[in-house]
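In this text the structure is predicted, and so the values were computed from the model without any measurement.
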Amino acid sequence: MKQRSLAILVSMVLALIMVVAAGCPTAQAAQLEKARAGTYYPYTLDGREYTIGVSARGTQGHNYYCRQIAMETDYITTDSVVMASDDTSRRLAWLINGNRLKTDALLHAAIGVLVHRAYDDQTVWSRHETYLFGIYAGLEQKVNELWKEAADNVCDSMVVTRENTKGLSEGDVNIMARNANGDSLAGIRFTAVISGPAVFDNDKAKVTGVTAKEAQRLHWKATGSGGVNVQVTYKRLALEQATTAQQMVTFDDQTQYSADLLTFDVVMPTHPRISTTVASKQVDAGQEVRDTVRLDMPEGQTWPEGAAYQATGWPVPWYFVGLEGERLGQRIVPDDGEDAQTFIARLAVAGYTPSAYGSITLNAQQPQREALAVTQPSGSTAYAARGDGGFGTWVWAIERDLQTDAVKRTLEGDVVSAFLDAEETNVNRARLEVRSKADRQTATIGQEISDSITVSGFPDDHGTFSGNEDYGFGADTPYAQVSVWWAADDCEPDTHEEPEEDDNHRLIGTWDYPAVSGTFRVGDGEKDAHGNPVHISAQQSGWYVFVWKYEGDSRVGAAVSSYADELERVRVVAADEMQMPKTGSSFMLALGIVIAALATGAFMLFAVQRR
């Protein structure tokens, strides 16, 4: 009987060994350490003791968190697998890894709650969570804060797109990391590999980088024709499940992930490149408009013998003017394969019509020449800049159908420049006019003097353009200045330029006024551009001269009123002085009127007396 019982017992043990062996992983078992103090909260529920937070610590310093509250651990891992990647596992891996060195019981307890929420039996766990929130102040708030923090900082996806910048021969691969909320995420390292007949700007097929809030642009260029693949890989944390007597989770060292494969076709250009540069970024009213045009052959190609490329005929190129500053940067690029006529028609639909034309012939001996804008296609009358403060730009094209047969064979299609390229864009500077007159031509010491100034020529939107560094244009200068000068009695103003300060010339003051068209009063308590009332009191005899000036900016030329302008000055004398001003037609006219009035009064008095 005993032998039979022993046989049965041996059989059961062997069967148990077989069952256990069948469920064990091939990895060797590992011993875990107990959690450090300050990384968990203890609590008792239904007479049983529990902890929430870090449950164990690995030999590499990894923190392990319990995911089965109903089970106990024996601190021996028998299995370790990387869990499927999803938003929850990525957030938890980020939290566990980022806080592994911190000693903060509240923080680790909150992570523990999130682990149980994600992977425990909720019919068991929910009661524990409610109990914990009731006994540990701030725990529920911490749980919510950590979950949101992880959502904001964990890479959920890597978005890879492309755009062509020059037909199918050049373009950009745009790389941006996004979190679970769809927001861009900075700081994610990536590697991009291009395969096929194309390379990146470093002339290599591999580029490494780090994402930013804006898309990272990797420029590529074709080295031939055919299909191209771009593969972007990056690293992110994963969650690892470890099996002890219960199941735990920790973070897995960084795991490689790949973004979606980007596939597109490229074509090696077989036509020349046309480039232009305006002769001057600023053109004043009435000046000629010129553009330097250059034609370059593709690398490895030479100019066909005797070939001359005509950028003439059908009204291309165009010179467009009157563009608003806010449109700078809104380049319009010919579509792949789009011919010149279609592109110009598309610009017309968008509201861009030509103001002038040009033509040029380029060959190997003269690959670069200067073109003059004219009023009519193939005409000779030079176009004069309008001077309205608007921007102008060129579009040049070489139409294949208009070339000789020999040249046609060197071109795959039309060569068309983009609309509103920085190098092809200038500004037509406005010309200002200023008229002013002192409100009185004579005054006595102690009296207040003032001036009325009328300015015209500023663009209607002047003061709103903030400049564009890419295009080489500065911001509008918002203020003009009005200065008041004093000159001694024997120093009547007779020069256009303002004097230097000396014993006989003194600058009384300078005030800012808006740099816009309109009429402004200076003095007599009227406010300047900053809202400050301006009072100008004549403190001594002499000449007081108002000078309005504007230093100019990219859109408006400089202007200044004349220091010698008789209408802009006031003659100041002592109140009891009978000496009249030395010169001035205005004074002589006034004197004549006074004399006439006195004569008329005397005559009327004589007539009354005779009655």
Side-chain angles (χ1 to χ4, degrees), residues 52-54 62-67 81-102 104 106-122 125-126 129 132-133 138-163 173-192 208-218 230-242 247-262:
I52 183 67
V54 178
H62 292 193
N63 289 330
Y64 287 74
Y65 293 81
C66 168
R67 61 168 286 182
V81 294
V82 177
M83 300 176 64
S85 177
D86 58 19
D87 180 52
T88 297
S89 67
R90 289 191 289 270
R91 291 199 210 184
L92 288 173
W94 184 82
L95 287 170
I96 294 172
N97 176 60
N99 297 290
R100 67 184 184 278
L101 300 179
K102 296 180 181 178
D104 184 337
L106 176 62
L107 182 147
H108 289 290
I111 296 175
V113 169
L114 290 170
V115 171
H116 283 292
R117 271 189 185 178
Y119 301 117
D120 209 340
D121 182 351
Q122 298 305 302
W125 167 250
S126 58
E129 182 174 308
L132 286 167
F133 288 166
L139 180 57
E140 182 176 9
Q141 179 180 346
K142 191 66 172 179
V143 167
N144 295 333
E145 289 175 354
L146 289 181
W147 198 239
K148 182 181 182 303
E149 181 185 0
D152 292 340
N153 290 278
V154 170
C155 179
D156 182 73
S157 62
M158 190 75 74
V159 180
V160 183
T161 59
R162 74 168 177 94
E163 56 182 300
V173 173
N174 303 317
I175 300 174
M176 177 180 288
R178 294 190 182 277
N179 61 21
N181 302 321
D183 301 324
S184 62
L185 191 62
I188 306 301
R189 296 185 178 277
F190 65 85
T191 300
T208 59
V210 180
T211 62
K213 284 295 184 181
E214 301 296 329
Q216 292 292 83
R217 294 180 178 272
L218 303 181
V230 176
Q231 181 72 57
V232 177
T233 58
Y234 60 104
K235 293 181 178 180
R236 62 187 181 194
L237 295 174
L239 203 60
E240 179 182 299
Q241 176 180 290
Q247 290 184 343
M248 297 186 183
V249 295
T250 186
F251 76 93
D252 182 64
D253 288 330
Q254 297 201 13
T255 303
Q256 196 82 0
Y257 285 84
S258 296
D260 291 338
L261 185 67
L262 190 64

- Task: Considering non-hydrogen atoms only, spot the tightest contact between Ala177 and Cys155 and give its length.
- Result: CB-SG, 4.1 Å

- Query: If you round to the nearest 0.5 Å, how far is OH of Tyr65 from OH of Tyr119?
  - Reply: 14.0 Å

- Item | Leu237 CG to Asn97 CG distance, which is reported to the nearest 0.5 Å | 4.5 Å

- Message: Let me confirm one number: the CD1-CD distance from Ile175 to Gln216, rounded to the nearest 0.5 Å.
- Response: 8.0 Å

- Task: Please check if the side chain of Asn99 supplies one atom and the backbone of Lys102 the other of a donor-acceptor pair under 3.5 Å.
- Result: no

- Message: Looking at every heavy atom in both Tyr64 and His62, which two are closest together, and how far apart are they?
- Response: CD1-O, 3.6 Å

- Begin with the C-alpha distance, continue with both residues' side-chain angles, and end with the deciding distance and a verdict on side chain to side chain contact (heavy atoms under 4.5 Å, CB included) for Phe133 and Val143. CA-CA 10 Å; Phe133 288 166; Val143 167; 4.2 Å; yes

- Message: One pair to check against side chain to side chain contact (heavy atoms under 4.5 Å, CB included): Ser184 and Glu214. What are the steps and the verdict?
- Response: CA-CA 7 Å; Ser184 62; Glu214 301 296 329; over 6 Å; no

- Message: Using the side chain to side chain contact (heavy atoms under 4.5 Å, CB included) criterion, which residues pair with Arg178? Sequence neighbours excluded.
- Response: Ser157, Val159, Met176

- Item | Pairwise side-chain contact, Lys142 with Leu107, heavy-atom cut-off 4.5 Å (strictly under) | yes

- Query: Do Val249 and Leu92 touch side chain to side chain, with heavy atoms closer than 4.5 Å?
  - Reply: no

- Query: Looking at side-chain heavy atoms only, is the closest gap between Ile111 and Ile96 below 4.5 Å?
  - Reply: yes

- Task: May I ask you to decide if Thr191's main-chain N or O and Thr208's side chain share a donor-acceptor pair within less than 3.5 Å?
- Result: no

- Message: Check this for me: Gln141, atom CD, are more than 12 non-hydrogen atoms of other residues, nucleotides or ligands nearer than 6.0 Å?
- Response: no

- Message: Tell me whether Glu240 contacts the main-chain N or O of Ala93 through its side chain, where contact means a donor paired with an acceptor under 3.5 Å.
- Response: no

- Message: Keeping Asp104 on the side-chain end and Leu106 on the backbone end, is there a donor-acceptor pair under 3.5 Å?
- Response: yes

- Task: Mark yes when over 12 heavy atoms from residues, nucleotides or ligands other than Lys213 sit less than 6.0 Å from its NZ; otherwise mark no.
- Result: yes

- Message: Ignoring hydrogens, what is the shortest heavy-atom contact between Cys66 and Val115? Give both atom names and the distance.
- Response: O-CG1, 3.5 Å

- Is the shortest distance from a Lys or Arg side-chain nitrogen in Asp86 or Arg90 to a carboxylate oxygen in the other one below 4.0 Å? no

- Message: Side chains of Trp125 and Val113, heavy atoms from C-beta outward: is any pair under 4.5 Å?
- Response: yes

- Query: Counting N and O atoms only, with roles assigned by atom type, does the side chain of Asn179 sit under 3.5 Å from a partner on the main chain of Asp152, one being a donor and the other an acceptor?
  - Reply: yes

- Note on the structure: Closest non-hydrogen contact found for Ala215 with Asn174 is CB-CB, 4.2 Å

- Message: In the structure I gave you, are the side-chain heavy atoms of Arg236 and Ser85 within less than 4.5 Å of one another anywhere?
- Response: yes

- Would a 4.5 Å heavy-atom cut-off, applied to side chains only, mark Arg217 and Glu163 as touching? yes

- Task: Measure the spacing between CG of Asp120 and CD of Gln247 and express it to the nearest 0.5 Å.
- Result: 10.0 Å

- Honestly, is Arg91 close enough over Trp147, meaning NZ or CZ under 6.0 Å from the six-membered ring centre and within 45° of the axis? yes

- For Thr88 and Ala118, which heavy atoms make the closest approach, and how far apart are they? CG2-CB, 3.6 Å

- Query: If we only count heavy atoms from C-beta on, is the Val173 to Val160 side-chain gap below 4.5 Å?
  - Reply: yes

- Query: Rounded to the nearest 0.5 Å, how far does OG1 of Thr211 lie from CZ of Arg189?
  - Reply: 10.0 Å

- Query: Yes or no on side chain to side chain contact (heavy atoms under 4.5 Å, CB included) for Leu239 and Gln241, after CA distance, side-chain angles and deciding distance?
  - Reply: CA-CA 7 Å; Leu239 203 60; Gln241 176 180 290; over 6 Å; no

- Message: Quick check for you: to the nearest 0.5 Å, what is the distance between Glu149 atom CD and Trp94 atom CH2?
- Response: 4.0 Å

- Any idea which heavy atoms bring Arg67 and Met248 closest together, and the distance? CG-N, 4.1 Å

